[in-house]
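Because only heavy atoms are used, hydrogens play no part in the values below, and waters and symmetry mates are left out as well, while side chains stay in. In each ligand, atom 1 is the first atom listed, and ligand 1 is the first ligand listed.
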Amino acid sequence: MWNLSRFVASNLRQTRRFSAAIPGPCIVHKRGTDILHDPWFNKDTGFPLTERDRLGLRGLLPPRVISFEQQHARFNIFRSKHGRSDAIVLLFEILVESYRSLEKNTSGEPENVVSLAKWRILNRLHDRNETLYYRVLIDHIKDFAPIIYTPTVGLVCQNYGGLFRRPRGMYFSAKDKGEMMSMIYNWPSQQVDMIVLTDGSRILGLGDLGVQGIGIPIGKLDMYVAAAGINPQRILPVMLDVGTNNQKLLEDHLYLGIRQPRLEGEEYLSIVDEFMEAVFTRWPKAIVQFEDFQMKWAFETLQRYRKRFCMFNDDIQGTAGVALAGLLGAVRAQGRPLNDFVKQKIVVVGAGSAGIGVLSTAIHAVSRMMGNNETAARHQFWLLDKNGLITKERKDIDPAAAPFATSPGDIEGLTEGSSLVEVVKKVKPHVLLGLSGVGGIFNEEVLRAMRESDSTRPAIFAMSNPTKNAECTAADAFKYAGENIVFASGSPFENVDLGNGKVGHVNQANNMYLFPGIGLGTLLSGAHYISDGMLQAASECLASYMTDEEVQNGILYPSIASIRHITTEVGAAVVRAAVAEELAEGHGDVGPRELIHMSKEETAEYVARSMWFPIYSPLVHEK
Ligand SMILES: NC(=O)C1=CN([C@@H]2O[C@H](COP(=O)(O)OP(=O)(O)OC[C@H]3O[C@@H](n4cnc5c(N)ncnc54)[C@H](O)[C@@H]3O)[C@@H](O)[C@H]2O)C=CC1
Ligand SMILES: CC(=O)C(=O)O
Ligand SMILES: [Mg+2]
């Protein structure tokens with residue numbers, strides 16, 4: 001049986017890297033079992049003898065301290081036996097008594113059950129030893145992102161009551177009004193860099209999950225650690241529990257949130273205001289990412305706080321940047337110059353925070369290319385919601401959607417409320433992009449209609465999460481819309497075997513390619529707010545990341561295995577944009593003057609150097 005602690009030692013990089021984002025060696029004030037039970041400090045049997053002596057650990061651990069060399073050799077033998085890509089097997093054999101027992105226990109079980117079992121194993125590791133957890137996550141991000149992030153994180157939120165063991169993050173509820181300024185000091189970490197905040201009102205495409213939505217900030221921040229190298233002691237997932245309108249949860253006696261309908265209007269805003277004031281009083285340099293708020297509050301809070309605090313809304317702004325990069329990739333995939341973006345006809349399905357965010361960013365980009373002609377740019381886009389095509393004739397039109405409504409008579413035969421299939425047949429779009437949250441609405445008829453697209457290589461983006469909420473599966477897209485399409489989904493699908501050795505490439509169009517770099521770049525620039533220019537730089541960086549050859553093979557986004565590299569590049573682009581706009585105030589020892597003098601390469605090196613990497617820091621001063 002492979003031993004966990006050996007894996008710990010073997011898997012630790014021996015070169016110590018300290019970043020601008022973290023202080024020097026961490027010195028712990030706890031002793032004995034308190035350290036072993038603290039996942040921030042626990043090293044399992046990796047504690048050297050000096051630390052065992054001075055921290056009261058002698059006798060509390062098996063006597064052998066595992067040396068790096070021994071472990072590294074063992075690890076390599078193990079790896080060559082299983083192959084690196086088989087990371088799930090590897091981890092399970094290492095972390096639990098036997099992967100086979102997991103397989104046996106779950107054989108014939110639905111995929112959900114197996115995914116949750118995997119999540120539990122990872123979560124247990126997290127609760128025991130964070131350093132090892134993040135190392136495992138970084139080394140095997142491709143295998144584990146679908147467990148800690150979409151799609152499994154959605155299941156975790158849905159089953160949160162039953163899965164809850166130890167709290168992660170902080171909870172501020174409507175009942176804490178007037179208390180938040182003191183509550184924020186209950187968080188044990190002196191410094192917090194990155195906060196992800198939700199009110200649980202629109203969790204992925206799963207709707208209002210109330211307090212159970214905390215899984216999303218946790219998953220997003222795990223990605224921050226893995227992709228952006230934010231020190232896990234400086235992250236804070238937050239749930240703002242203002243009630244829930246989910247009747248099932250309100251009636252569930254095991255529900256862990258406050259049992260009341262959601263606060264509305266000024267009452268709601270006063271809670272968010274109080275939270276923001278408390279956070280920025282204690283940590284003036286923190287960045288707050290708003291995540292999975294229902295549309296009305298997503299837009300309202302973005303407008304309310306954007307210039308006052310360092311914050312952004314990932315669903316509106318992060319998603320828009322990722323989608324724009326994909327849309328530009330889709331132009332290149334047709335073998336056309338980027339300027340041809342202005343000629344692309346794009347149908348967006350879903351007029352929520354994500355859909356509107358994408359639309360408005362894409363229209364701005366087209367408008368810039370057309371010499372700032374926003375009116376003309378709008379003619380290339382069609383927007384649908386649950387009531388079909390949105391036209392200027394729509395009664396009670398949502399103010400957020402109004403600027404994007406189609407003029408009546410724009411295309412013959414299309415009227416207010418035209419169905420998706422009608423729109424696709426008449427418009428013959430180059431791109432069909434779904435952010436509706438409704439699984440399967442790109443059905444066979446809709447996908448077959450995309451065969452008549454005016455594009456030589458139509459693009460289908462089924463961006464809703466989690467997997468069962470995707471507008472179509474990858475297999476259906478290639479089957480019905482044709483093998484020549486470019487395909488992207490919000491949650492991962494396997495590449496599609498098209499026969500004859502051909503493969504339909506599946507891209508993951510997910511804001512995970514941008515939010516870590518936006519957060520990290522903003523942090524290191526020291527900008528006090530996140531400008532449009534910084535967001536645009538992030539998107540352009542992602543768009544230009546892929547080579548022509550890759551794009552022509554239908555590959556629009558990098559593999560998630562290289563997420564740390566792409567995040568470095570995005571982070572550097574954000575820093576440089578902040579510098580160019582004179583927003584950069586610097587971070588730690590690196591002031592604005594130094595940032596100004598950094599070349600593009602030097603900025604990327606600085607960003608890479610600033611990333612935290614999981615190693616065991618000394619817990620006692622050298623004598
Ligand atoms: N891939 C990614 O990076 C991201 C994906 N998303 C996903 O996008 C989805 C939507 O998110 P939000 O815009 O925040 O939600 P939202 O609730 O604000 O908006 C949903 C929109 O879809 C429309 N809709 C509902 N049923 C429809 C139907 N049958 N046909 C056409 N439109 C329909 C609604 O009218 C509404 O306009 C979620 O599933 C979410 O997970 C969101 C952000 C990022
Ligand atoms: C990916 C994401 O942010 C969402 O589905 O809401
Ligand atoms: Mg989201």
Asks: Of the side chain and backbone of T319, name the one, both, or neither that has a heavy atom under 4.0 Å from an atom of ligand 2.
Replies: neither
Asks: Determine whether the side chain, the backbone, both or neither of N511 has a heavy atom under 4.0 Å from any heavy atom of ligand 2.
Replies: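 Side chain only.
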Asks: Kindly identify the option in N465, N510, I356, D292 whose heavy atom sits closest to atom 39 (O) of ligand 1.
Replies: N465
Asks: Hey, what do you get for OG (S407) to CG (L414), rounding to the nearest 0.5 Å?
Replies: 12.0 Å
Asks: Charged N to carboxylate O below 4.0 Å: is that the case for E374 and R378?
Replies: yes
Asks: For atom 26 (N) of ligand 1, which protein heavy atom lies nearest, and how many Å away is it?
Replies: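 Nearest protein contact, heavy atoms only, for atom 26 (N) of ligand 1 is V438 CG2, 3.2 Å.
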Asks: Would you mind running through ligand 1 and noting each atom that sits below 4.0 Å from a heavy atom of L204?
Replies: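 Counting from 1, the qualifying ligand atoms are 38 (C), 39 (O), 40 (C), 41 (O).
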Asks: Between Y557 and H505, does the ring centroid distance fall short of 6.0 Å?
Replies: no
Asks: Give me the residue, atom name and distance of the protein heavy atom closest to atom 33 (C) of ligand 1.
Replies: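 Looking only at protein heavy atoms, the one closest to atom 33 (C) of ligand 1 is K386 N, 3.3 Å.
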Asks: Just wondering, do D292 and L204 contact through their side chains at under 4.5 Å, heavy atoms?
Replies: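 Counting from C-beta outward, L204 and D292 do come under 4.5 Å.
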Asks: Report the part of D292 (side chain from C-beta onward, or backbone N, CA, C, O) that has a heavy atom under 4.0 Å from ligand 2; answer both or neither where that applies.
Replies: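 Looking at D292 and ligand 2, just side chain atoms fall under 4.0 Å.
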Asks: Show me which atoms of ligand 1 lie under 4.0 Å from any heavy atom of A354.
Replies: 12 (P), 13 (O), 14 (O), 42 (C), 43 (C)
Asks: Which class fits the ring pair Y160 and F164: parallel under 30°, tilted 30 to 60°, perpendicular over 60°?
Replies: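 Geometry flag for F164 against Y160: perpendicular rings.
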Asks: Between NZ of K428 and OG of S455, what distance do you get to the nearest 0.5 Å?
Replies: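 Going from the NZ atom of K428 to the OG atom of S455 covers 13.0 Å.
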Asks: Pull out every atom of ligand 2 sitting under 4.0 Å from any heavy atom of D315, numbered as shown with elements.
Replies: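 Going through ligand 2 atom by atom, the ones under 4.0 Å from D315 are 2 (C), 3 (O), 4 (C), 6 (O).
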Asks: Which atoms of ligand 2 have any heavy atom of Y149 under 4.0 Å away?
Replies: 1 (C)
Asks: Given T244 and D208, is the side chain to side chain donor-acceptor pair (under 3.5 Å) satisfied, shown in steps?
Replies: CA-CA 7 Å; T244 176; D208 181 351; 2.9 Å; yes
Asks: Does ligand 2 have a heavy atom under 4.0 Å from the side chain of F293, from its backbone, from both, or from neither?
Replies: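 For F293, no heavy atom sits under 4.0 Å from ligand 2.
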Asks: Please identify which atoms of ligand 2 are closer than 4.0 Å to at least one heavy atom of K220.
Replies: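 Ligand 2 atoms under the 4.0 Å threshold to K220: 1 (C), 2 (C), 3 (O).
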Asks: Give the atom numbers and elements of ligand 2 that come within less than 4.0 Å of a heavy atom of E291.
Replies: 3 (O)
Asks: Does N510 reach ligand 2 with a nitrogen or oxygen that is under 3.5 Å from one of the ligand's nitrogen or oxygen atoms?
Replies: no
Asks: Quick check for you: to the nearest 0.5 Å, what is the distance between Y224 atom OH and L520 atom CG?
Replies: 9.0 Å
Asks: Do side-chain atoms of D398 reach the backbone of A400 as a donor and acceptor pair under 3.5 angstrom?
Replies: yes
Asks: Heavy-atom contact under 4.0 Å between N469 and ligand 1?
Replies: no
Asks: Are the side chain of S562 and the backbone of H565 linked by a donor-acceptor contact shorter than 3.5 Å?
Replies: no
Asks: Roughly how far, to the nearest 0.5 Å, is CE of M311 from CG of L197?
Replies: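 Reported value, rounded in 0.5 Å steps: 8.5 Å.
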Asks: Can you name the N, O or S atom of D315 that is closest to the Mg ion (ligand 3)?
Replies: OD1
Asks: Just going by heavy-atom distances, which of G355, G437, S436 is nearest to atom 20 (C) of ligand 1?
Replies: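 It is S436 that holds the nearest heavy atom.
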Asks: Please identify which atoms of ligand 1 are closer than 4.0 Å to at least one heavy atom of M295.
Replies: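 Close to M295: 18 (O).
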Asks: To the nearest 0.1 Å, how far is atom 32 (N) of ligand 1 from its closest protein heavy atom, and which atom is that?
Replies: D385 C, 3.0 Å
Asks: Check ligand 1 against N511 and write out every atom of the ligand that is under 4.0 Å from a heavy-atom position of the residue.
Replies: 3 (O), 44 (C)
Asks: Return the name of the atom in E291, of element N, O or S, nearest to the Mg ion (ligand 3).
Replies: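 That would be atom OE2.
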Asks: Could you report the tightest heavy-atom contact between N511 and K220, atom names first, then the distance?
Replies: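 Where N511 meets K220 most closely, the heavy atoms are OD1-NZ, 2.8 Å.
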Asks: Ignoring hydrogens, just give me the one of K296, R202, Q294 whose non-hydrogen atom is nearest atom 12 (P) of ligand 1.
Replies: R202
Asks: Name the orientation class of the two ring planes belonging to F487 and F493 (parallel below 30°, tilted from 30 to 60°, perpendicular beyond 60°).
Replies: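 Ring orientation, 0 to 90° scale: perpendicular.
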Asks: Side chain of R332, backbone of A543: donor and acceptor closer than 3.5 Å?
Replies: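 Yes; at least one donor-acceptor contact below 3.5 Å.
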Asks: To which protein heavy atom is atom 29 (N) of ligand 1 closest, and what is the distance rounded to 0.1 Å?
Replies: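 The closest one turns out to be I441 CG2, 4.0 Å.
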Asks: Mark up the atoms of ligand 1 that fall under 4.0 Å of a heavy atom belonging to V349, in ascending order.
Replies: 31 (C)
Asks: Could you go step by step and tell me if D222 and Y134 meet the side chain to side chain donor-acceptor pair (under 3.5 Å) rule?
Replies: CA-CA 8 Å; D222 273 353; Y134 285 114; 2.7 Å; yes
Asks: With atoms numbered from 1 as shown, which atoms in ligand 2 lie under 4.0 angstrom from a non-hydrogen atom of L204?
Replies: 4 (C), 5 (O), 6 (O)
Asks: Distance from M276 atom CE to F280 atom CZ, nearest 0.5 Å?
Replies: 5.0 Å
Asks: Does F515 have its ring centroid less than 6.0 Å away from the ring centroid of F312?
Replies: no
Asks: Closest by any non-hydrogen atom to atom 9 (C) of ligand 1: pick that one out of G388, S201, S464.
Replies: S464
Asks: Numbering the atoms of ligand 1 from 1, which are under 4.0 Å from a heavy atom of G205?
Replies: 38 (C), 39 (O), 41 (O)
Asks: Tell me the contacting part of Q289 for ligand 2: side chain, backbone, both, or neither, using a 4.0 Å heavy-atom threshold, strictly below.
Replies: neither
Asks: Please check this pair: side chain of R306 against backbone of I530, looking for a donor-acceptor N/O pair closer than 3.5 Å.
Replies: yes
Asks: Show which atoms of ligand 1 fall inside a sub-4.0 Å distance from at least one heavy-atom site of G490.
Replies: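 Taking each heavy atom of G490 in turn, ligand 1 has 1 (N) under 4.0 Å.
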Asks: Rounded to the nearest 0.5 Å, what separation is found between the NE2 atom of H140 and the CG atom of L122?
Replies: 10.5 Å
Asks: Contact between ligand 2 and M512 is defined here as a heavy atom of the residue under 4.0 Å from a ligand atom; is it met?
Replies: no
Asks: Checking one value in my table: which N/O/S atom of D292 lies closest to the Mg ion (ligand 3)?
Replies: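 Going by distance to the Mg ion (ligand 3), the closest N, O or S atom in D292 is OD1.
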Asks: Measure A509 to ligand 1 on non-hydrogen atoms and call it side chain, backbone, both or neither using the 4.0 Å cut-off.
Replies: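 Under 4.0 Å from ligand 1, A509 contributes backbone atoms alone.
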Asks: Does ligand 2 have any atom that is closer than 4.0 Å to a heavy atom of R202?
Replies: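 R202: in contact with ligand 2 (<4.0 Å).
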Asks: What protein heavy atom is closest to atom 5 (O) of ligand 2, reported as residue, atom name and distance in Å?
Replies: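 Checking every protein heavy atom, the shortest distance to atom 5 (O) of ligand 2 gives N465 ND2, 2.8 Å.
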